K.L.:
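There's a structure below that I have some questions on.
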Amino acid sequence: MRGLALLAATGLLSACGVVGAPVAPETIGLAPTIEQQKKEHAAREANQRDTSAEAEEQDPALLGQDENLPPLRPVGTR
């Protein structure tokens with residue numbers, strides 16, 4: 001009986017705790033998440049600027065217009 005109780009206690013104690021590798025505290029929380037999202041947003045904007053510059057150069061139909069219209073799909077809105 002005593003052995004069974006010891007075995008059960010050992011099993012319960014080993015089951016408590018975190019499974020997996022430790023995580024650095026600098027990567028957890030709101031501030032690192034915001035920084036990561038800012039970097040992703042800046043990369044997307046740079047990519048869009050590159051593609052929009054290429055699209056404007058390649059589209060001769062827009063050269064004769066008086067005013068350039070905004071894109072059909074607004075960027076950055078939810």
Side-chain angles (χ1 to χ4, degrees):
M1 185 67 173
R2 188 174 188 188
L4 183 61
L6 184 62
L7 183 62
T10 305
L12 288 174
L13 288 176
S14 66
C16 296
V18 178
V19 177
V23 179
E26 295 86 24
T27 61
I28 298 175
L30 191 58
T33 304
I34 292 172
E35 290 298 323
Q36 180 184 9
Q37 289 175 353
K38 284 182 181 178
K39 288 178 185 176
E40 290 174 1
H41 184 67
R44 282 188 201 137
E45 283 183 352
N47 188 13
Q48 288 175 353
R49 274 188 249 125
D50 292 343
T51 57
S52 67
E54 291 173 3
E56 289 177 8
E57 293 172 359
Q58 295 176 356
D59 194 6
L62 295 176
L63 296 176
Q65 292 183 355
D66 295 331
E67 164 177 327
N68 289 332
L69 300 175
L72 295 176
R73 294 184 214 154
V75 178
T77 59
R78 293 182 179 189

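Quantities reported herein were computed from a predicted structural model and do not represent experimental measurements.
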K.L.:
Share the residues that join Leu4 in a hydrophobic cluster, the rule being Ile, Leu, Val, Met, Phe, Trp or Tyr side chains under 4.5 Å apart at the heavy-atom level.
P.N.:
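Besides Leu4, the cluster holds no residue at all.
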K.L.:
What residues form a side-chain contact (heavy atoms from CB on, under 4.5 Å) with Ala24, not counting sequence neighbours?
P.N.:
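Testing Ala24 for side-chain contact (heavy atoms from CB on, under 4.5 Å), a comparison that skips the adjacent residues, returns Glu26, Thr27.
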K.L.:
Donor-acceptor pairs under 3.5 angstrom involving side-chain atoms of residues 29-40: please list them, not counting sequence neighbours.
P.N.:
{"from": "Thr33", "atom 1": "OG1", "to": "Gly29", "atom 2": "O", "distance (Å)": "2.8"}

K.L.:
Should side-chain heavy atoms under 4.5 Å link Ile, Leu, Val, Met, Phe, Trp and Tyr, which residues sit in the same cluster as Val23?
P.N.:
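Grouped by the 4.5 Å side-chain rule, Ile28 form the rest of the cluster around Val23.
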